[in-house]
Amino acid sequence: MNHTPATQTICTSSAQCECAVFGRGAKPLVILPGLSIKSLMPFARAVADRYQKFLDGYKIYLLDRPLEPPQNCGADFLAQAAAEALDSLGVKGACVVGISAGGIAAQALAKSRPDLTAKLFLGSTCAKMTDTAAAIIEGWARLAEEEKLLELNQAFAQAVYTPSFYERYKDAIMASLAGATSADLKRFATFARALLGFDASDILPKIKCPILAVGAGLDKIFGADAAPQIARLAGTSARSCVYKNYGHAVYDEAPDYPDRILAFFAES
């Protein structure tokens, strides 16, 4: 790959957001990522490598969450902050990839700002927070607040990755999660709790753009039915598929995952 992501901090009325921009194409593609214990900006090059097939056709905006979120914020705040950042960047009619927690924000964004979302790819996310998912995420938040970084990293990685993938890449995974600061952990806990009351049952039927929801049969957080539930609630504008033998982080583990996103966005 011969394109190095350019990173910047975007100031909006809601918050400051970090963003990495890469790709040579004209069509805008926005990535709203899942929960991360640290900033994603140091990993922007790895994301660009994962999306290498998109670089000629798209200009890609990897949008991290606000740097200083207010306490007790929710999905609406995340969507508003993303919308204001995209307005600052001059982005309209984008293909939006929402992964896990980013998929929750993406649903709220598509409802409140349809001008920003031409198509919506929702990966490893949910239409409504379940008791199982809430318990896992609340547990992460408590570990972050107690600054038990090692325990948080282990709990996070073991819930997200399949056992075989985790054992194979354990050292690299744990190294990528290490070194979070007290501010990082406080921010992580705030964003984790922002997801707990999410319910898009009334939102999804009002989203007009095409939706593809992709889930995983071994997802320990949201479960195998999460993607089909999104499609059922959204109606005729949506469809779903499930990777049977992958877990929550199918977006990192499945070799053909970028191809599935690319094919969906290429559809007329």
Side-chain angles (χ1 to χ4, degrees), residues 1-5 20-25 27-37 40-64 94-103 106 119-126 153 156-177 210-228 230-231 238-267:
M1 188 190 73
N2 58 7
H3 188 95
T4 301
V21 183
F22 49 96
R24 298 172 288 272
K27 293 181 287 187
L29 189 155
V30 174
I31 303 173
L32 300 179
L35 280 175
S36 57
I37 297 170
L40 288 175
M41 294 303 100
F43 305 101
R45 181 61 183 264
V47 176
D49 286 344
R50 180 71 165 155
Y51 283 78
Q52 187 170 9
K53 294 181 179 180
F54 295 73
L55 298 182
D56 288 333
Y58 293 89
K59 187 170 186 179
I60 302 173
Y61 302 85
L62 173 63
L63 192 63
D64 211 347
C95 293
V96 176
V97 177
I99 299 295
S100 192
K119 287 189 174 183
L120 194 56
F121 180 96
L122 300 174
S124 296
T125 191
C126 66
N153 290 347
F156 185 84
Q158 289 172 353
V160 165
Y161 295 104
T162 53
S164 60
F165 188 90
Y166 176 69
E167 289 302 321
R168 183 177 181 182
Y169 297 106
K170 181 178 180 179
D171 291 344
I173 291 169
M174 297 307 288
S176 72
L177 296 174
I211 298 172
L212 175 60
V214 175
L218 304 179
D219 190 333
K220 296 177 183 177
I221 301 170
F222 294 129
D225 191 51
I230 289 172
R239 67 182 191 271
S240 68
C241 67
V242 177
Y243 283 81
K244 293 183 179 180
N245 298 318
Y246 286 90
H248 185 79
V250 58
Y251 44 83
D252 284 338
E253 295 189 33
D256 68 333
Y257 203 87
D259 295 324
R260 193 176 292 272
I261 300 173
L262 188 61
F264 171 59
F265 288 157
E267 294 174 1

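Quick caveat: nothing in here was measured; it's all calculated off a predicted structure. Just so it is clear, the values below take in all heavy atoms, side chains as well, and ignore hydrogens, waters and symmetry mates.
Between the side chain of R168 and the backbone N or O of P163, no donor-acceptor pair lies under 3.5 Å. D64 contributes a side-chain N or O that, together with a main-chain N or O of L40, makes up a donor-acceptor pair within less than 3.5 Å. Looking at E253, its side chain never comes within 3.5 Å of a backbone N or O of Y246 through a donor-acceptor pair. At distances below 3.5 Å, not a single donor-acceptor pair connects side-chain atoms of S100 with backbone N or O atoms of G34. A donor-acceptor distance shorter than 3.5 angstrom exists from the side chain of K220 to the backbone of Q158, with no hydrogens or angles considered.
We find the CG-OG distance between D171 and S176 to be 11.0 Å, quoted to the nearest 0.5 Å. Going from atom CG of D56 over to atom CZ of R24 covers 4.5 Å, rounded to the nearest 0.5 Å. L32 CG to L63 CG: the interatomic distance, rounded to the nearest 0.5 Å, is 6.0 Å. Within the model, atoms NE2 of H248 and CG of D219 stand 5.5 Å from one another, a figure rounded to the nearest 0.5 Å. Note that CZ of F43 is 13.5 Å distant from CG of D49, once rounded to the nearest 0.5 Å. Separating the CD1 atom in I99 from the OG atom in S36 is a distance of 13.0 Å, to the nearest 0.5 Å.
Legend: residues meeting ring-ring contact (aromatic ring centres under 6.0 Å, His included) with Y257, ordered by chain and number and at least two apart, are F121, Y243. In this structure, F264 has no ring-ring contact (aromatic ring centres under 6.0 Å, His included) partners at least two apart in sequence or on a different chain. Qualifying ring-ring contact (aromatic ring centres under 6.0 Å, His included) partners for F54, counting only residues two or more places apart in sequence or in other chains: Y51, Y58.
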Derivation of the side chain to side chain contact (heavy atoms under 4.5 Å, CB included) call for I261 and V97: CA-CA 8 Å; I261 300 173; V97 177; 3.9 Å; yes
Criterion side chain to side chain contact (heavy atoms under 4.5 Å, CB included) on V214 and L122, from CA distance to verdict: CA-CA 6 Å; V214 175; L122 300 174; over 6 Å; no
Candidate pair I31 and L29, rule side chain to side chain contact (heavy atoms under 4.5 Å, CB included), full reasoning: CA-CA 7 Å; I31 303 173; L29 189 155; 3.7 Å; yes
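Taking a 6.0 Å sphere around CG of D259, one finds it holds more than 12 heavy atoms contributed by other residues, nucleotides or ligands. Heavy-atom contacts from other residues, nucleotides or ligands closer than 6.0 Å to NZ of K119 number more than 12.
In terms of heavy-atom proximity, A216 sits nearest to G247 at CB-O, 3.1 Å. The two residues A227 and C241 have their closest heavy-atom pair at CB-O, 4.1 Å. For the pair A231 and A238, the tightest heavy-atom approach, listed with the atom from each and the gap, is CA-CB, 3.9 Å. Contact record, P228 with S240: CA-OG, 3.4 Å, taken as the closest heavy-atom pair. Of all heavy-atom pairs between V242 and A224, the closest is CG2-O, 3.8 Å. Taking every heavy atom of both residues into account, V21 and K59 meet most closely at CG1-CE, 3.5 Å.
Note on R260 versus E267: no salt bridge recorded, every NZ/NE/NH1/NH2 to OD/OE distance being 4.0 Å or above.
Counting heavy atoms from C-beta on, the side chains of R50 and P258 come closer than 4.5 Å. Under the 4.5 Å side-chain criterion, counting only non-hydrogen atoms from C-beta, F22 is in contact with L62. Put simply, the side chain of I60 reaches to within 4.5 Å of the side chain of L55, judged on heavy atoms.
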